[in-house]
Undergrad: 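Input: one structure, supplied below.
Just so it is clear, the structure is predicted and the values come from calculations on it, not from any experiment. Throughout, a chain's letter reflects where its sequence line sits, starting with A, and its residues are numbered from 1.
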Amino acid sequence: MKNYITTPIYYVNGEAHIGHAYTTFIADSLARYSRLQGNETYFLTGTDEHGQKIEEAAKKLEKPTQQFADEISATFRNLWDEFDISYDQFIRTTDESHKKGVQAAFSKMYENGDIYKDFYEGNYCVSCETFFPESQLMDGGCCPDCGRATTILKEESYFFRLSKYEKPLLEYYEAHPEFILPKSRRNEVISFVKGGLNDLSVTRTSFSWGVHLPESLNEPKHVMYVWLDALMNYVTALGYGSDEAKMDFWPANVQLVGKDILRFHAIYWPAFLMSLGLPLPKHIGAHGWWTRDGEKMSKSKGNVVDPREVAQHYGAENFRYFMMREVPFGQDGDFSQRALIDRMNSDLSNDLGNLLNRIIGMSEKYSDFVIDSVDVEKYHAKELNDAHTILDSLHTYFYELQLHRFLEELWKVFTIGNKAIEEHAPWVKIKEGRNDEALATVALVANLLAKASVMLHSIMPSTTAKIADALGFEITTESYNRLIINKGLLETFTIKKIPPLFPRVEEPLMQEAPKAMSEASVPKVEQAKMEDKKETTVSPDGLITIDQFFQSSIKIGTVLAAEEVPKSSKLLKLHIDLGEESPRQIIAGIREYYSAESLIGTQVCAVANLKPAKLMGMLSEGMLLAAKDSDGLSLIRPEKTRKSGSSVG
RNA sequence: GGCUGGGUAGCUCAGCUGGUUAGAGCGCUGGUCUCAUAAGCCGGAGGUCGGGGGUUCGAGUCCCCCCCCCGCCA
């Protein structure tokens with residue numbers, strides 16, 4: 001059986017973060033699991049390198065665009081190599097074969113009549129590379145996603161007849177309930193498609209850093225829209241439109257994506273495939289995002305989790321185990337050192353590592369390290385049987401991407417081992433001269449550890465290889481078949497005395513993330529958009545341009561009304577005149593420092609183009625500027641009274 | 001504003017088509033063994049299952065109303 005697994009290709013507008021690592025870990029685990037079972041497996045990851053943002057980012061650094069893309073792409077590849085990610089191919093959208101494949105796909109869609117030429121006019125956000133309808137724009141025509149100013153753009157564009165695929169897509173979702181995982185996301189996609197699909201503009205003339213149209217069309221001004229270009233990577237990697245060498249891996253079994261890019265993968269991508277006459281992938285799996293200590297991660301807060309740093313302090317595979325075990329697929333997860341340490345100590349040190357140590361100790365004392373499985377079935381048929389029942393049930397969880405359930409169940413095998421030792425107390429048996437029984441219990445546990453290690457291998461490859469080595473075998477498809485499928489036992493072997501694999505962690509090993517900066521009002525629970533292309537590009541030197549600064553509109557406001565928010569000790573509800581038709585409602589977390597009455601009539605500074613947020617169920621349409629230290633909090637105010645709405649800068 | 005999903009022990013969550021004393025893991029706590037990484041094993045405390053009303057012999061599980069949270073859309 002052929003099994004093709006993909007991650008998204010990561011956009012090279014910033015370095016890899018925990019979100020990228022998470023997707024890649026899951027995909028790597030799936031790929032390793034598939035290989036262990038003897039499936040012919042192909043695992044693809046890579047980088048997405050085209051688009052206006054990349055072109056501009058390179059220009060700012062005065063680098064050739066290709067060089068810029070090369071550099072960032074390499075950081076991803078290096079990180080995956082450091083984490084021993086078992087990708088079979090690292091594709092780049094700047095690869096010649098990819099470009100050729102995209103052009104071939106474009107030609108085919110064009111010949112099918114699925115692509116036509118027209119004009120596109122609308123409010124365009126350069127940063128998001130997206131047009132927005134008038135109705136969606138924020139005050140002053142700003143982008144609803146990133147808040148930056150948009151420009152009116154009319155450009156000639158080729159369109160993909162997405163509307164044509166509305167019905168076929170809905171029929172496909174209906175007929176394949178497992179196509180979009182988890183199910184909750186499926187509903188969202190379906191309701192979106194039911195709302196009607198517009199044709200999709202798939203070319204741009206406003207920049208040139210992209211795949212050009214097929215020469216036959218003679219359209220040198222046009223380049224492909226980044227999503228058409230990017231999505232096609234999943235088949236161009238297999239040789240679509242060039243040598244077709246590996247196209248027999250298509251359709252993919254699992255395509256992993258972050259929940260923010262699900263729509264592209266669950267709607268556009270299948271529509272493109274339908275147009276090309278290619279089968280659709282079996283599963284699109286959308287995972288959640290990670291927060292840190294309950295808060296959204298952001299560069300400005302300085303609380304971004306660096307996967308490399310965590311790996312250095314806690315071990316790459318421990319970190320990987322934590323991520324896979326902690327969160328149900330599709331849900332958001334929270335990273336904290338506390339949670340990681342608890343997981344490591346409880347699961348890895350206590351349940352697994354200590355169990356291995358126990359039998360090393362006993363075999364040393366009772367049998368000079370020799371472990372023989374001869375009597376295991378005689379004395380421990382029940383334990384063996386219970387363990388096999390669990391092991392047999394695991395496969396389903398992997399298939400459904402429920403890796404946390406997979407691990408949860410797998411861990412019950414260690415409990416069987418720990419209980420068996422307790423119940424049969426080999427040290428008592430030895431004293432009574434019942435050596436066969438004592439040694440059978442030790443051998444039982446050795447076998448349980450061996451079997452569990454095989455199953456855990458895809459999550460913790462090198463750690464389980466060490467366990468297997470101590471137990472005198474290697475984890476391969478052969479041993480998988482022998483120990484798991486055929487329920488066989490280990491040959492007689494001499495166990496290796498190895499130091500504890502998982503020393504307990506008593507104290508946090510990394511410096512804590514800086515506390516969130518004092519922001520008078522901040523939407524606390526708003527989720528981190530980890531994979532979001534819309535994230536601000538920050539130059540490596542940490543400096544921003546004057547233009548970037550002025551993307552925030554800070555204005556002088558006069559407090560017209562203020563009242564305490566019931567059931568909140570921190571929040572005040574303010575009505576502030578920013579020189580607009582009607583006052584803004586701003587919810588600010590300053591009640592501990594300012595009484596409501598004392599604020600009325602005074603002036604404050606407020607960010608006027610902040611995306612509105614809900615706090616305690618109330619809309620907050622801006623944020624007050626304030627500074628905080630250990631003595632308390634101070635609002636930032638104009639030294640002299642200014643007209644409401646005066647801009648600050 | 002529209003549409004999903006959800007509100008169950010301190011924390012994270014399981015509880016299918018309604019049926020005996022509401023479960024798990026972690027945490028806390030009492031006991032116990034000694035092979036072991038202050039690990040293991042046994043036991044315990046902790047919940048008016050968001051609020052209110054209704055259907056039923058019987059509701060966490062169905063119906064209605066309300067409150068709150070996440071998400072998608074506008």
Undergrad: Out of D372(A), L483(A), N447(A), which one pairs with L489(A) under the side-chain contact (heavy atoms from CB on, under 4.5 Å) rule?
TA: N447(A)
Undergrad: C1' atom, C11(B) versus G47(B): distance in rounded Å?
TA: 14 Å
Undergrad: Can you pull the salt bridge (charged side-chain N to carboxylate O under 4.0 Å, His left out) pairs that have at least one residue in residues 449-471 of chain A, sequence neighbours excluded?
TA: D469(A)-K496(A)
Undergrad: Roughly how far apart, to the nearest Å, are U20(B) and A59(B) at atom P?
TA: 11 Å
Undergrad: Please report, rounded to the nearest Å, how far the P atom of U12(B) is from the CE atom of M323(A).
TA: 19 Å
Undergrad: Side chain to side chain contact (heavy atoms under 4.5 Å, CB included) with Q331(A): which residues, sequence neighbours excluded?
TA: V327(A), P328(A)
Undergrad: Let me have RNA chain B in dot-bracket notation, would you? Count Watson-Crick plus G-U wobble pairs, both distances under 3.5 Å, and use [ ] for pairs crossing earlier ones and | for inter-strand partners.
TA: (((.(((..((((.....[...)))).(((((.......))))).....(((((..]....)))))))).))).
Undergrad: Test of understanding: with side chain to side chain donor-acceptor pair (under 3.5 Å), list the residues that count as partners of K194(A), not counting sequence neighbours.
TA: none
Undergrad: Could you tell me how far apart F329(A) (CZ) and G71(B) (C1') are, to the nearest whole angstrom?
TA: 16 Å
Undergrad: What form does the base of G46(B) take, syn (within 90° of 0) or anti?
TA: syn
Undergrad: Side chains of residues 502-509 of chain A: which donor-acceptor pairs under 3.5 Å do they make with residues two or more places apart or in other chains?
TA:
from, atom 1, to, atom 2, distance (Å)
R504(A), NH1, N350(A), OD1, 2.8

Undergrad: Using the C1' atoms only, state how far A45(B) lies from U4(B), rounded to an integer number of Å.
TA: 39 Å
Undergrad: Across nucleotides 27-36 of chain B, 5' to 3', mark each nucleotide with B, S or - according to how protein heavy atoms within less than 4.0 Å reach it.
TA: ------BSBB
Undergrad: Could you say whether P503(A) or T415(A) is positioned toward the 5' end of RNA chain B, judged by the nucleotide with the nearest heavy atom to each?
TA: P503(A)
Undergrad: Side chain to side chain donor-acceptor pair (under 3.5 Å) with Y321(A): which residues, sequence neighbours excluded?
TA: D347(A)
Undergrad: Determine the Euclidean distance between corresponding P atoms of C49(B) and G10(B); express it in Å to zero decimal places.
TA: 13 Å
Undergrad: Between E317(A) and R320(A), does any NZ, NE, NH1 or NH2 come within less than 4.0 Å of an OD or OE carboxylate oxygen?
TA: no
Undergrad: Only counting residues at least two apart or in another chain, list the ones meeting side chain to side chain contact (heavy atoms under 4.5 Å, CB included) with A27(A).
TA: I5(A), T7(A), F43(A), L256(A)
Undergrad: Between U37(B) atom P and N318(A) atom CG, what is the distance in whole Å?
TA: 18 Å
Undergrad: Please determine which of F322(A), W290(A), F335(A), W289(A) meets the ring pair (Phe, Tyr, Trp, His ring centres under 6.0 Å) test together with Y22(A).
TA: W290(A)
Undergrad: Between the side chains of K419(A) and E422(A), is the shortest nitrogen-to-carboxylate-oxygen separation below 4.0 Å, so that they form an ion pair?
TA: no
Undergrad: Could you tell me the separation between the CD atom of Q402(A) and the P atom of A14(B), rounded to a whole number of Å?
TA: 10 Å
Undergrad: Strictly by ring-ring contact (aromatic ring centres under 6.0 Å, His included), give each pair with a member in residues 414-446 of chain A just once, sequence neighbours left out.
TA: H380(A)-H424(A), W411(A)-F414(A)
Undergrad: In whole angstroms, how far is the P atom of U37(B) from the CG atom of D351(A)?
TA: 16 Å
Undergrad: Could you state the CG-P distance from D347(A) to G40(B), rounded to the nearest angstrom?
TA: 11 Å
Undergrad: Taking only distance into account, with no hydrogens and no angle test, what donor-acceptor pairs under 3.5 Å do side-chain atoms of residues 174-187 of chain A form with protein atoms, sequence neighbours excluded?
TA:
from, atom 1, to, atom 2, distance (Å)
H176(A), ND1, Y172(A), O, 3.1
R185(A), NH1, E188(A), OE1, 3.0
R185(A), NH1, E188(A), OE2, 3.4
R186(A), NH2, Y173(A), O, 2.8

Undergrad: Using a heavy-atom cut-off of 4.0 Å across all strands, would you classify P426(A) as base, sugar-phosphate, or nothing?
TA: nothing
Undergrad: Taking C13(B) as the reference, what is the distance to G60(B) when you measure between their C1' atoms (whole Å, please)?
TA: 15 Å
Undergrad: Rounded to the nearest Å, what distance is computed from the CD atom of residue Q331(A) to the P atom of nucleotide C70(B)?
TA: 14 Å
Undergrad: Could you give the distance separating G23(B) and G15(B) at their P atoms, to the nearest angstrom?
TA: 15 Å
Undergrad: Using the C1' atom in both, what is the distance from U61(B) to G7(B), to the nearest Å?
TA: 15 Å
Undergrad: Side chain to side chain contact (heavy atoms under 4.5 Å, CB included) with I430(A): which residues, sequence neighbours excluded?
TA: Y366(A), N435(A), A438(A)
Undergrad: Residues from residues 169-195 of chain A sitting under 4.0 Å of RNA chain B, heavy atoms only?
TA: R185(A), N187(A), E188(A), F192(A)
Undergrad: A39(B) P sits how many Å from E506(A) CD, rounded?
TA: 8 Å
Undergrad: Could you measure between the two C1' atoms, the one in G51(B) and the one in U12(B), and give it in whole Å?
TA: 24 Å
